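This report concerns only the one structure given below.
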Amino acid sequence: MFAITDWLSLMPHTVIVEACTSANSYGELSYQTCASYRAAIQGPQKFLHHGTQQEQVSRQTVYLATTSPITSLARITLPSGFDVLQPPLLDDALVSDDGGFHHVRLYLG
């Protein structure tokens, strides 16, 4: 049987997530204290199609070892070594398996 420790061993990165708390009258966002998560970052580009026929290109897919929801206004910081350390968050999903919610998947621009 596949144990959670086996799955976590596939997550060599640490990603920092800061939730957006507010925006001022100029549209500048404020963020709360950051949280660090174990992650797996994959780099092939992926085309995202939204219901409005809008197409976006995701540069990275990030799998986070958490079931805490990540909102679209969150600021994501990747570890050093990536071209863009704070890429925009294009899409997020809470992923489940037969045992319930399992992890969060992020598509970053």
Side-chain angles (χ1 to χ4, degrees):
M1 180 169 210
F2 191 72
I4 191 72
T5 54
D6 295 329
W7 184 75
L8 289 174
S9 70
L10 301 173
M11 299 188 142
H13 305 105
T14 300
V15 171
I16 297 170
V17 177
E18 298 169 271
C20 178
T21 55
S22 64
N24 66 18
S25 59
Y26 298 104
E28 297 168 332
L29 303 177
S30 297
Y31 297 92
Q32 71 179 28
T33 307
C34 57
S36 297
Y37 298 103
R38 288 183 71 164
I41 303 171
Q42 298 179 347
Q45 292 186 345
K46 179 174 177 60
F47 290 98
L48 304 176
H49 301 279
H50 299 282
T52 60
Q53 303 299 326
Q54 179 185 9
E55 185 176 279
Q56 293 178 303
V57 177
S58 169
R59 302 182 107 202
Q60 283 108 8
T61 302
V62 178
Y63 300 93
L64 296 179
T66 184
T67 55
S68 298
I70 308 295
T71 65
S72 61
L73 293 177
R75 181 167 54 194
I76 310 298
T77 304
L78 301 178
S80 62
F82 287 89
D83 291 339
V84 179
L85 294 182
Q86 292 184 326
L89 176 57
L90 302 178
D91 195 24
D92 60 279
L94 185 56
V95 181
S96 63
D97 62 11
D98 58 347
F101 292 120
H102 191 268
H103 65 279
V104 170
R105 181 187 63 228
L106 305 175
Y107 291 118
L108 305 178

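Just so you know, these numbers come straight off a predicted model, no measurement behind them. Side chains are part of it too, since the values below use all heavy atoms of this structure and drop only hydrogens, waters and symmetry mates.
Annotation for Ala65 and Met11: closest pair CB-SD, 3.5 Å, computed over non-hydrogen atoms. Summarising the geometry of Gln60 relative to Gly109, their closest heavy-atom pair is OE1-O, 4.4 Å, with the distance given to 0.1 Å. Closest approach of Gln32 to Thr21, counting heavy atoms only: CB-CG2, 3.5 Å. Nearest heavy-atom pair, Arg105 versus Thr61, reported as atom, atom and distance to 0.1 Å: CG-CG2, 3.9 Å. In this structure, Val15 and Pro79 approach most closely via the heavy-atom pair CG2-CD, 4.5 Å. Annotation for Leu10 and Ala40: closest pair O-CB, 3.6 Å, computed over non-hydrogen atoms.
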Could you please spell out the steps behind the side-chain contact (heavy atoms from CB on, under 4.5 Å) verdict for Thr14 and Tyr37?
CA-CA 6 Å; Thr14 300; Tyr37 298 103; over 6 Å; no
Determine, step by step, whether Ile41 and Leu108 satisfy the side-chain contact (heavy atoms from CB on, under 4.5 Å) criterion, reporting the C-alpha distance in whole Å, the side-chain angles of both residues, the deciding distance to 0.1 Å, and the verdict.
CA-CA 10 Å; Ile41 303 171; Leu108 305 178; over 6 Å; no
Residue pair Ile70, Leu89: steps toward the side-chain contact (heavy atoms from CB on, under 4.5 Å) verdict:
CA-CA 10 Å; Ile70 308 295; Leu89 176 57; 4.0 Å; yes
Given the rule in the side-chain hydrogen bond (donor to acceptor under 3.5 Å, both in side chains) test, do Gln86 and Thr77 qualify, once you have shown the distances and angles that lead to the verdict?
CA-CA 5 Å; Gln86 292 184 326; Thr77 304; 2.9 Å; yes
Step by step, work out the side-chain contact (heavy atoms from CB on, under 4.5 Å) result for His13 and Phe82.
CA-CA 11 Å; His13 305 105; Phe82 287 89; 4.2 Å; yes
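Side-chain contact between Glu18 and Cys34 is present, with at least one heavy-atom pair separated by less than 4.5 Å. For the pair Val95/Val104, no side-chain contact is recorded, criterion being any heavy-atom separation below 4.5 Å from C-beta on. Within the 4.5 Å cutoff, the side chain of Ile76 has heavy atoms near those of the Leu106 side chain.
Between Ser30 atom OG and Leu73 atom CG the span is 11.5 Å, to the nearest 0.5 Å. Here the OG-CG distance, from Ser58 to Leu90, works out to 5.5 Å after rounding to the nearest 0.5 Å. Atom OH of Tyr107 is separated from atom CG of Asp92 by 11.0 Å, given to the nearest 0.5 angstrom. Thr66 OG1 to His103 NE2: the interatomic distance, rounded to the nearest 0.5 Å, is 11.0 Å.
Cation-pi geometry between Arg75 and Tyr31 is met: the NZ or CZ atom falls under 6.0 Å from the ring centre, inside 45° of the normal.
No more than 12 heavy atoms of other residues, nucleotides or ligands shown are found within 6.0 angstrom of CG on Asp83.
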